[in-house]
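Because the structure is a prediction, the values reported are computed rather than measured. Per chain, numbering begins at 1; letters A, B, ... match sequence-line order.
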Amino acid sequence: MRLFGANIGFWQPWFKIGNVIREAKLHGKENAKILIMRTLIKHALASAEPKDLVIIKGWIRTRRDSKGFSFLEINDGSCLGSLQTVVNSGIPGYDQLHHLTTGASVIIKGKLVASPGSGQKWELAATEIELVGTSDAAYPLQKKGHTMEFLRTIAHLRPRSNLFGAIFRTRSRLAYAVHQFFQERDFVYVHTPIITASDCEGAGEMFRVTTLKGNIDEKPEADFFGRRSYLTVSGQLEGETFACALSNIYTFGPTFRAENSNTARHAAEFWMIEPEMAFCDLAGDMDLGEQFVKAMAQYALEHCAEDVGLFAKFVDKGLHDRLRFVAERPFQRVTYTEAVGILTSCGHKFEFPVQYGLNLQSEHERYLTEEHFKCPVTVYNYPREIKPFYMRLNDDGKTVAAMDVLVPGIGEVIGGSQREERLELLNENLRRHNLRPEDYWWYVDLRRFGSVPHAGFGLGFERLIMFLTGVSNIRDVIPFARTPGSADF
RNA sequence: UCCAGAGUAGCUCAAUGGUAGAGCAGCCGGCUGUUAACCGGCUGGUUGCAGGUUCGAGUCCUGCCUCUGGAGCCA
């Protein structure tokens, strides 16, 4: 192993030693790095010129036999496309042909040559093929299309399908884009706790974390943390403390809700992005939220073009138009009061009543963004009665500085607010919501020591991915979905 | 949790209350620079589970389970 020194990073333990040593002897030690380096299929397909020797490693998508040779489609997940490989009878490994079935894993050595067939620019003329792992007839992924429902039942294999490969590559790139967006703007990434004893009121039911046996409520002070504790439903309260020190911060991490929600837009475990800005009011908060959604749409168009093309073809025909529209056009902005006015005077019949002081229902939000404005809409300044304790009371004494960003097809994708920074008003809010100020003593302390206006929002990462890919069920944009009654895999 | 719909071969789906079928996948053979390849043959089933009605239930009834769509809660 010392033979390759610094190149050890290219060594992969399932590449057989014999092959490497043979090549090293043939071509000399100095070429060993190139010879043992595996070429990702995305790079092979993007090659500018033929190559005399490449090694690819991946899984067989399909095999088509001819007399004397076979075509193999190899995919390694590095990109949407597969590499067509021509395997002539007689090359080393061809005797394993009957094992080279859909789903089997292989290492193939060969020449990258221009393909005489239509449908691909390059193909691999194999000179040696090594069967790494067989795949028997029970392999559930076929060449033909599968339903999303079926693929959910084989969540361990679905990333090998075109669509799910594309979804999870896109998810990865968008996660990177989230960090890039905030880091470029000098936001500090804060890891707020996953286990917490505080309830970010209004954010739903919490999962209890305990090491107690039997009746867990009998003696909570005997529990691991000396009190009742839960999985976090939001990092906002902790995020505020860091914003009130580092100015602009964001969190990006797992979040848990024990709600018995059974919809295509809810999961018990999801990833949330929560920026928080000191010396910022609601207008600045809305600006950031809108810029963020636009930047993500732009990023998807620029950096996920191939996968987005697949979504546009098979999932959502209008995806390109929507992404461009979101990236380029300004969002609409209306107050809650104006929104209620639009909904009551539009003549549209709603199942639920529209009335000042009531929450906007899904059908109302969707009407605003899909029918009335036909673009993303930010609704702000909601009645204080329907919003949580931490939101800042407006000068009218009736509304709070809250905002929701609504997008077509999804509904609410961002919920945010300016926070109540005035000590007396915050304490009054806690009392009005029947919360004990002593439970929030450190949160209230922020208002005692150098309090500043500050604002932030929460954004569900999966809902963002749904919006940017057109995939309509949240279970399909998270690798292994946790929903009521289901924690498989 | 509520409302609606669905559950039949590995997958996608058929089947007036009267012998459970097709396409694809798989297996065997043929043919072909093929590309959702093609042609022939074969294999493949406790019709979600438990009861009930009936001479007879995939089909009708009751309960349960699971999935899907919508709603509520929310991100």
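Below the 3.5 angstrom threshold, one finds a donor paired with an acceptor across the side chain of A:Arg463 and the base of B:rC74. No N or O donor and acceptor, one from the side chain of A:His146 and one from the base of B:rC11, sit under 3.5 Å apart. No donor-acceptor contact under 3.5 Å links the side chain of A:Gln361 to the base of B:rG72. Counting atom types as modelled, A:Ser261 pairs no side-chain N or O with a base atom of B:rC74 as donor and acceptor under 3.5 Å. One cannot find a donor-acceptor pair under 3.5 Å joining the base of B:rU66 and the side-chain atoms of A:Glu149.
A:Ser115 comes within 4.0 angstrom of a base, heavy atoms only. Within the nucleic acid shown, A:Glu123 comes within 4.0 Å of at least one base atom, counting heavy atoms only. Across all strands, A:Pro116 comes closer than 4.0 Å to base atoms (heavy-atom distances). When heavy atoms are screened at a 4.0 angstrom cut-off, A:Gly458 is found touching the sugar-phosphate backbone but no base atom. Across all strands shown, A:Glu363 has no heavy atoms under 4.0 Å from either base or sugar-phosphate atoms. Residue contacts for A:Phe352: at a heavy-atom cut-off of 4.0 Å it reaches the sugar-phosphate backbone alone, with no base atom in range. Residue-level contact check: A:Phe71 touches the bases, meaning some heavy atom is under 4.0 Å from a base atom.
The phosphate of B:rG69 (OP1 or OP2) has a side-chain N or O of A:Asn473 nearer than 4.0 angstrom. Considering only side-chain N and O atoms, A:Thr147 lies under 4.0 angstrom from the phosphate OP1 or OP2 of B:rU12. Side-chain N/O atoms of A:Arg265 include one lying less than 4.0 angstrom from OP1 or OP2 on B:rA71. Close to B:rU68, at under 4.0 Å from its OP1 or OP2, lies a side-chain N or O of A:Arg152. For the pair A:Lys143 and B:rA37, the criterion of a side-chain N or O lying under 4.0 Å from OP1 or OP2 is met. Under 4.0 angstrom from either OP1 or OP2 of B:rA37 there lies at least one side-chain N or O belonging to A:Arg64.
Between A:Tyr189 and A:Tyr250, the distance from one ring center to the other falls under 6.0 angstrom. In this structure, the ring of A:Phe252 has its center less than 6.0 angstrom from the ring center of A:His179. Aromatic pair A:Phe187/A:Phe181: ring centres not closer than 6.0 Å.
Side-chain contact check for A:Arg419 and A:Ser417: at least one donor-acceptor pair (N or O, by modelled atom type) lies under 3.5 Å.
Rounded to whole angstrom, the span from the CD atom of A:Glu365 across to the P atom of B:rA71 amounts to 11 Å. One interatomic measurement links the two molecules: CG of A:Leu151 to C1' of B:rG10, which rounds to 13 Å at whole-angstrom precision.
Of the nucleotides present, B:rC65 is the one that pairs with B:rG7 by Watson-Crick or G-U wobble criteria, both distances under 3.5 Å. Pair check for B:rG72 finds none; no Watson-Crick or G-U wobble contact set falls under 3.5 Å. Nucleotide B:rG18 forms a Watson-Crick or G-U wobble pair with B:rC55, both donor-acceptor distances falling under 3.5 Å. B:rG44: no Watson-Crick or G-U partner with both key distances under 3.5 Å is found in any strand. Pairing for B:rC38 goes to B:rG30, judged as Watson-Crick or G-U wobble with the two contacts each under 3.5 Å.
B:rG48 and B:rU66 are spaced 16 Å apart, taking the P atom of each and rounding to whole Å. Comparing the P positions of B:rC39 and B:rC24 gives a spacing of 8 Å, expressed to the nearest Å. Nucleotides B:rC2 and B:rG63, compared at atom P, are 13 Å apart to the nearest Å.
When each of A:Glu149, A:Arg158, A:Met466 is paired with A:Asp476, the side-chain contact (heavy atoms from CB on, under 4.5 Å) condition holds for A:Arg158 and for no other.
Enclosure of atom CZ in A:Phe242 is not indicated, since only 12 or fewer non-hydrogen atoms of other residues, nucleotides or ligands lie within 6.0 angstrom.
With respect to the salt-bridge test (charged N to carboxylate O, under 4.0 angstrom), the residues A:Arg61 and A:Glu73 do not qualify.
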